[in-house]
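Following this message is one structure expressed as structure tokens.
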Amino acid sequence: MKNNQLPVTINIPQFRHDLITWFEQEQRDLPWRENQDPYRVWVSEIMLQQTKVETVIPYFHRFIQSFPTLEALAEADEQQVLKAWEGLGYYSRVRNLQAAVREVVADYNAKVPEDAEQFGNLKGVGPYTQGAVLSIAYGKAEPAVDGNVMRVLSRILLIQEDIAKAKTRKIFEQAVRQLISHENPSAFNQGLMELGALICTPRNPSCLLCPVQVHCKAYSEGIQHSLPVKTKKTKQKDEAYYVLVMEDKDGKYILEQRPNEGLLAQMWQFPMVATKEVSENLLEPYIMERYQINCQSIDQLQPVKHIFSHIKWDLNVIKCRCDKLRVSGPAQQILSLDEIESYPLPVSHQKIYKQLLQ
DNA sequence: AAGGCGGGGCG
DNA sequence: CGCCCAGCCTT
């Protein structure tokens, strides 16, 4: 192994002590901190990926209530699992999680493996989640480097590498391996993240309240605001669709399931067609040809704009009153408003659904 | 190494 | 508006 570690020149024992003492004093009372059940810790870590704590809390309660144990989740209906995740985003997280717990039941006698390699090879478990679950649930001294940790340590240790680059994470993992408390890896890792969430925030960090201020090189040089260095910029694509809300005389609607892969995989929606595929005045014949359905009338509902991290959707919502609906494929259903309630819809289509309720 | 993959909240 | 959030997977 090459000895190219960055110089960690802070007082390590003092830093550990200051961080852990602060964490034990100031940590938030969060539902996944009630105990160290590896399953609950695991669920929380998946939910918290790219998602704020306040957003996760209600989802965590509902999810654990519906699927209290690893076995319960393994045996659950996939649609119900997806429904429990509805609105949380990044839906592959929960499909991977269920696949992984099924793996644990099949291969590890329904016990979350303590072995880093075994746990890390499970679906949806990357380097961060691996270290987080193993340290928090099992007390293993493994690094758990997320965005918080990179921000906090970039400031304390004055690390100027671009955190948008994939290999940079390894630098921080090496730093954590030198810093981490072997007596209490859980409090150390959670302390770094809690510090990032409460004190060492992206903008306007509260350095005057920081329990490890005396260790912080960025603060001592007054450059905490310019760290971490991050280059990646997002460019969004614009996409415009007609959303076809086809309603029959019984107040039922056609819903279709999205493909198994890609954006909003396996979620349900009102049928959509890209506006560039058909001009608005030809929608009726299009519906006739594509869905074999005769429209009696066409109305515009409130248009919906929806922003993803990488796409902007402009949804032109068209309500078609139809004499009789029919499905034109296995991925379609004719459903009442009540029945739609039990299907997982992306937020953009929940907005449309809410219009129909009025 | 870079891009796809949600949704919400903040300045 | 752009940025960030307890990231992972595919190419």
Side-chain angles (χ1 to χ4, degrees), chain A residues 23 27-28 30 32-33 41-60 82 85-97 99-100 120-137 143-152 162-170 172-173 176 186 188-198 200-205 225 228 230-237 239 258-267 269 304-313 344-351:
Chain A
F23 175 70
Q27 64 172 297
R28 291 166 290 179
L30 300 174
W32 45 90
R33 287 178 177 164
V41 173
W42 185 5
V43 169
S44 75
E45 291 302 340
I46 299 298
M47 286 188 170
L48 287 162
Q49 287 169 11
Q50 299 292 285
T51 312
K52 287 191 157 64
V53 164
E54 309 81 67
T55 304
V56 165
I57 290 173
Y59 280 91
F60 182 80
L82 201 51
W85 211 267
E86 181 189 67
L88 201 48
Y90 286 143
Y91 299 96
S92 67
R93 290 185 292 178
V94 75
R95 293 185 287 118
N96 288 338
L97 176 61
N121 281 330
L122 294 169
K123 200 158 294 182
V125 178
Y128 164 75
T129 305
Q130 177 186 25
V133 173
L134 291 185
S135 63
I136 297 170
V145 174
D146 69 342
N148 282 316
V149 172
M150 288 197 280
R151 182 173 61 257
V152 169
D162 180 1
I163 67 168
K165 295 198 180 302
K167 56 185 268 195
T168 302
R169 194 198 69 248
K170 297 178 189 295
F172 287 92
E173 285 176 349
V176 172
S186 170
F188 182 89
N189 280 341
Q190 292 189 78
L192 281 181
M193 293 188 275
E194 197 81 343
L195 191 65
L198 300 182
C200 195
T201 49
R203 289 182 299 262
N204 303 320
H225 296 278
K230 186 176 186 182
T231 58
K232 195 180 294 181
K233 45 195 158 201
T234 55
K235 46 177 183 191
Q236 304 171 318
K237 283 185 300 189
E239 296 182 357
R258 295 178 60 88
N260 289 335
E261 314 263 308
L263 183 68
L264 302 169
Q266 295 176 32
M267 302 288 282
Q269 65 181 19
V304 169
K305 289 188 188 301
H306 193 80
I307 299 175
F308 300 95
S309 46
H310 55 307
I311 303 171
K312 275 195 250 182
W313 267 6
L345 268 58
V347 167
S348 50
H349 284 255
Q350 290 178 45
K351 293 174 187 168

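Here is how names work: the chains are called A, B, and so on, in the same order as the sequence lines, proteins then strands, and each is numbered from 1. These numbers come from a predicted model, not from an experiment.
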Inset, instruction - Return the value, rounded to whole Å, for the distance between atom NE2 of A:H349 and atom P of B:dG6. - result: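 Rounding to the nearest Å, NE2 of A:H349 and P of B:dG6 are 13 Å apart.
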
Legend entry - Short side-chain N/O contact to B:dC5 OP1/OP2 from A:H310, under 4.0 Å: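 For A:H310, the contact criterion (side-chain N or O under 4.0 Å from OP1 or OP2 of B:dC5) is met.
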
Legend entry - Partner residues of A:N121 under the side-chain hydrogen bond (donor to acceptor under 3.5 Å, both in side chains) criterion, sequence neighbours left out: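 side-chain hydrogen bond (donor to acceptor under 3.5 Å, both in side chains) list for A:N121, sorted by chain: empty.
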
Inset, instruction - Apply the side chain to side chain contact (heavy atoms under 4.5 Å, CB included) test between A:V145 and each candidate in A:R169, A:M193, A:K170; give the one that qualifies. - result: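 Result: among A:R169, A:M193, A:K170, A:R169 is the only option passing the side chain to side chain contact (heavy atoms under 4.5 Å, CB included) with A:V145.
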
Legend entry - Nearest-angstrom distance, P atom, C:dC8 to B:dG8: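 Each nucleotide's P atom is 22 Å from the other's.
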
Inset, instruction - Pull out every stem in DNA chain B, meaning runs of 3 or more consecutive Watson-Crick or G-U wobble pairs with both distances under 3.5 Å. - result: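 Ordered by first number, the stems with DNA chain B (at least 3 consecutive pairs each) read B:1-5 with C:7-11, B:7-11 with C:1-5.
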
Inset, instruction - Under 4.0 Å between any heavy atoms, over every strand shown, what does A:R28 touch: base, sugar-phosphate, or nothing? Just pick one. - result: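 The residue A:R28 makes base contact.
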
Inset, instruction - With sequence neighbours left out, write down each residue that passes side chain to side chain contact (heavy atoms under 4.5 Å, CB included) with A:P346, or none if nothing qualifies. - result: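 Listed in chain order: A:L264, A:M267, A:S348, A:H349.
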
Inset, instruction - Output all residues satisfying ring-ring contact (aromatic ring centres under 6.0 Å, His included) with A:W313, sequence neighbours left out; order by chain, then residue number. - result: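 A:Y241, A:F308.
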
Inset, instruction - Provide, to the nearest angstrom, the distance between the CD atom belonging to A:Q130 and the P atom belonging to C:dC8. - result: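 Computing the A:Q130:CD to C:dC8:P distance gives 9 Å.
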
Inset, instruction - Just jot down the side-chain hydrogen bond (donor to acceptor under 3.5 Å, both in side chains) partners of A:R95, sequence neighbours excluded, or say none. - result: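 A:R95: no side-chain hydrogen bond (donor to acceptor under 3.5 Å, both in side chains) contacts found.
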
Legend entry - Residue mapping more 5' on DNA chain B - nearest nucleotide basis, A:I311 or A:K167: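 Per heavy-atom nearest nucleotide, the more 5' residue is A:K167.
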
Legend entry - P gap between B:dG6 and C:dT11, integer Å: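 Pairwise P distance, B:dG6 against C:dT11, rounds to 16 Å.
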
Inset, instruction - Taking only the side-chain nitrogens and oxygens of A:R169, find out if one of them lies under 4.0 Å from OP1 or OP2 of C:dG7. - result: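 False: A:R169 side-chain N/O out of range (4.0 Å or more) of C:dG7 OP1/OP2.
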
For nucleotides 7-11 of chain B, print each protein N/O atom paired with a nucleotide N/O atom at under 3.5 Å, atom names and distance only.
from: B:dG7; atom 1: OP1; to: A:Y91; atom 2: OH; distance (Å): 2.8
from: B:dG7; atom 1: OP1; to: A:V347; atom 2: N; distance (Å): 3.1
from: B:dG7; atom 1: OP2; to: A:H306; atom 2: NE2; distance (Å): 2.9
from: B:dG8; atom 1: N2; to: A:K52; atom 2: NZ; distance (Å): 3.4

Inset, instruction - May I ask you to check whether A:Y59 and A:W85 place their ring centers less than 6.0 Å from one another? - result: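 Not close enough - the centres of the two rings lie 6.0 Å or further apart.
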
Legend entry - Derivation of the side chain to side chain contact (heavy atoms under 4.5 Å, CB included) call for A:R258 and A:Q266: CA-CA 5 Å; A:R258 295 178 60 88; A:Q266 295 176 32; over 6 Å; no

Inset, instruction - For A:K167, check side-chain hydrogen bond (donor to acceptor under 3.5 Å, both in side chains) against everything at least two apart and list the hits. - result: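 If we apply the side-chain hydrogen bond (donor to acceptor under 3.5 Å, both in side chains) test to A:K167, skipping adjacent residues, there are no hits.
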
Legend entry - A:Q266 CD to B:dC5 P, straight-line distance once rounded to whole Å: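 Those two atoms, CD and P, are 14 Å apart.
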
Legend entry - A:T129, nearest nucleotide to its side chain (from C:dC5, C:dA6, C:dC8):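 My answer, after comparing the listed nucleotides, is C:dC8.
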
Legend entry - Non-neighbouring partners of A:V347 that pass side chain to side chain contact (heavy atoms under 4.5 Å, CB included), sequence neighbours left out: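 Only A:H306, A:Q350, A:K351 meet the side chain to side chain contact (heavy atoms under 4.5 Å, CB included) criterion with A:V347.
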
Legend entry - By side-chain hydrogen bond (donor to acceptor under 3.5 Å, both in side chains) - contacts of A:S135 (at least two apart):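 A:S135 satisfies side-chain hydrogen bond (donor to acceptor under 3.5 Å, both in side chains) with A:N189 once adjacent residues are dropped.
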
For nucleotides 9-11 of chain C, print each protein N/O atom paired with a nucleotide N/O atom at under 3.5 Å, atom names and distance only.
from: C:dC9; atom 1: OP1; to: A:G124; atom 2: N; distance (Å): 2.6

Legend entry - Residue A:W32, side-chain atoms from C-beta onward, closest of B:dG6, C:dA6, B:dG4: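 The answer is C:dA6.
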
Legend entry - Whole-Å P distance, B:dG3 and C:dA6: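 About 24 Å, rounded to a whole number of Å.
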
Legend entry - With sequence neighbours excluded, residues passing side chain to side chain contact (heavy atoms under 4.5 Å, CB included) with A:T51: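 Listed in chain order: A:T55, A:V56, A:L88, A:R93.
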
Legend entry - Partners passing side chain to side chain contact (heavy atoms under 4.5 Å, CB included) against A:T129 (at least two apart in sequence or in another chain):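 Scan of A:T129 (side chain to side chain contact (heavy atoms under 4.5 Å, CB included), adjacent residues dropped) gives A:W42, A:E45, A:I46, A:Q49, A:V125, A:V133.
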
Inset, instruction - Scan A:G262 against the nucleic acid and name what it touches under 4.0 Å (heavy atoms): base, sugar-phosphate only, or nothing. - result: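 Contact class for A:G262: sugar-phosphate only.
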
Inset, instruction - Return the value, rounded to whole Å, for the distance between atom CG of A:D146 and atom C1' of C:dC5. - result: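 So the two atoms are 9 Å apart, to the nearest Å.
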
Legend entry - Ion pair check, A:E194 and A:R28, cut-off under 4.0 Å: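 A salt bridge links A:E194 with A:R28.
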
Legend entry - Rounded interatomic separation in angstrom, taking CD1 from A:I46 and C1' from C:dA6: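 To the nearest whole Å, that distance equals 10 Å.
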
Inset, instruction - Whole angstrom is fine here: how far is it from CD in A:Q49 over to P in B:dG6? - result: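 That distance rounds to 13 Å.
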
Legend entry - Length of the line joining A:I57:CD1 and C:dC5:C1', which is rounded to integer Å: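 Checked: the CD1 to C1' distance equals 14 Å.
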
Legend entry - Interatomic distance where CD1 belongs to A:I163 and P belongs to C:dG7 [whole Å]: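 Interatomic distance, CD1 of A:I163 to P of C:dG7: 11 Å.
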
Legend entry - Options C:dC8, B:dA2, C:dA6, nucleotide nearest the side-chain atoms of A:K165: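 The nucleotide sitting nearest to the side chain is B:dA2.
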
